[in-house]
2 protein chains.
Amino acid sequence: MVEAAVQVFHQQGVEKTTLADIARAADVPLGNVYYYFKTKDQLVEAAVEAHCDQLTRLTARLEQLPDPAARLKTLIAGWVEERETAARFGCPFGTLATELDKRDDGLDLAAAQVMRALIDWVEGQFTELGRPDAHALAIELVAAYQGMSVLTNTLRDPGLMAAQGERLQAWVDGLARP
Amino acid sequence: MVEAAVQVFHQQGVEKTTLADIARAADVPLGNVYYYFKTKDQLVEAAVEAHCDQLTRLTARLEQLPDPAARLKTLIAGWVEERETAARFGCPFGTLATELDKRDDGLDLAAAQVMRALIDWVEGQFTELGRPDAHALAIELVAAYQGMSVLTNTLRDPGLMAAQGERLQAWVDGLARP
DNA sequence: GTCTATAATCCGATAGAC
DNA sequence: GTCTATCGGATTATAGAC
């Protein structure tokens, strides 16, 4: 059910999505939603936590690669793979975070934590590569991803993300072998 | 009234904003809104056009600078100046475009046009600088702005935009004097 | 726990007085 | 043109049968 919520929130946006939409997507009756989540806000919170868990699983998988540069390039490759979805609905987490920043609930703070977790992980990779400016590079990489997601989405052009992804991978290569 | 709509849409998001909100912000009674705009969609459309007009005025002002590199750096400086607003509500146009991409109205196409107009103008500056890769550079610059807007907003950190702005200005300098 | 029916509220849109 | 009052529909949330 949380999985359905994450997907529908991504496709329609939190504000536009009704609990009936989620109930239909999860194939359960409406009343059932309220048995597990007392309010819509709690469902949104669960969705944010789901994104957090997914990030944890993703980084754990990437950690198995021996080379930090390879990890970053695989991360970028994963973004590019989702370019069709990004062209239609934007970055699953970025668009959610953007929307939460315009809501009154305190969930924007939770979103900030997840975003920071991604940045921190990327920063760790750059640090392993011996870069003293690891933090700034991490901001640059994540911002580049969020930015190309916005443009890919607005212009409805998955090719844009493919091109920018290649550029970023070359950029990581250049930083790894100076 | 359109001005009030643009501001409230930016601060609260289109979906969350009620026509009563806009009426209050513009200090007119609710019924009055419907006299000038038959539907909420028409008001959103007017807001997009307002963003388009503002972009036209901005680029016209920048054109008065003799040097393309100076124009781009002034553009970036303008973004950085608005960093406090960006930290609170994100890029005024980027967040709107992101939201329109999740709506059924056809206004996402209008938003795409405005975004493309910005990219085209930036591309023109890089072309004047003699860069054969002007288009890719324009995408890179606008994406960087949108990305740092998302991060500045999500992390509520205007300093992030200031730091990235400086980086982008140095980047433009480097491209102008190779 | 699962599901239906419905209450309570909010919002887009309209009617019509001035 | 300006403003008030209100309708109709949608949506969050609840009550209560099974």
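This is a predicted model, so every value here is computed, not measured.
Residue-level contact check: A:Tyr36 touches the backbone only, with heavy atoms under 4.0 Å from sugar-phosphate atoms and none from bases.
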Protein-nucleic acid N or O pairs under 3.5 Å, nucleotides 4-10 of chain C:
none

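Among residues two or more places apart in sequence or in another chain, the salt bridge (charged side-chain N to carboxylate O under 4.0 Å, His left out) test is passed with B:Asp120 by none.
Protein atom CG of B:Leu43 is 10 Å distant from nucleotide atom P of C:dA13, rounded to whole Å. Taking atom CG of residue B:Leu19 and atom P of nucleotide C:dG12, one finds them 4 Å apart after rounding to whole Å. For the pair A:Lys16 NZ and C:dC11 C1', the interatomic distance rounds to 16 Å; values are reported in whole Å.
A salt bridge links B:Arg177 with B:Asp173: the distance from a Lys NZ or Arg NE/NH1/NH2 to an Asp or Glu carboxylate oxygen falls below 4.0 Å. The pair B:Asp41-B:Arg103 counts as a salt bridge, with a side-chain nitrogen and a carboxylate oxygen less than 4.0 angstrom apart. Contact check on A:Asp105 versus A:Lys40 returns no salt bridge, with no Lys/Arg side-chain nitrogen under 4.0 Å from an Asp/Glu carboxylate oxygen. A salt bridge links A:Arg71 with A:Glu128: the closest approach of a Lys/Arg side-chain nitrogen to an acidic carboxylate oxygen falls below 4.0 angstrom.
Between B:Trp121 and B:Leu75, the closest heavy-atom pair is CZ3-CD2, 4.1 Å.
Ring planes of A:Tyr145 and A:Trp79: parallel class, angle under 30° (limits at 30 and 60°).
A:Thr18 and A:Asp21 share a donor-acceptor pair across their side chains, judged by distance under 3.5 Å alone.
Projected onto DNA chain D by closest heavy-atom contact, A:Lys38 and A:Asp21 fall at different nucleotides, the more 5' of which corresponds to A:Asp21.
The footprint of chain B on DNA chain D, defined by a heavy-atom cutoff below 4.0 Å, extends from D:dG1 to D:dT4.
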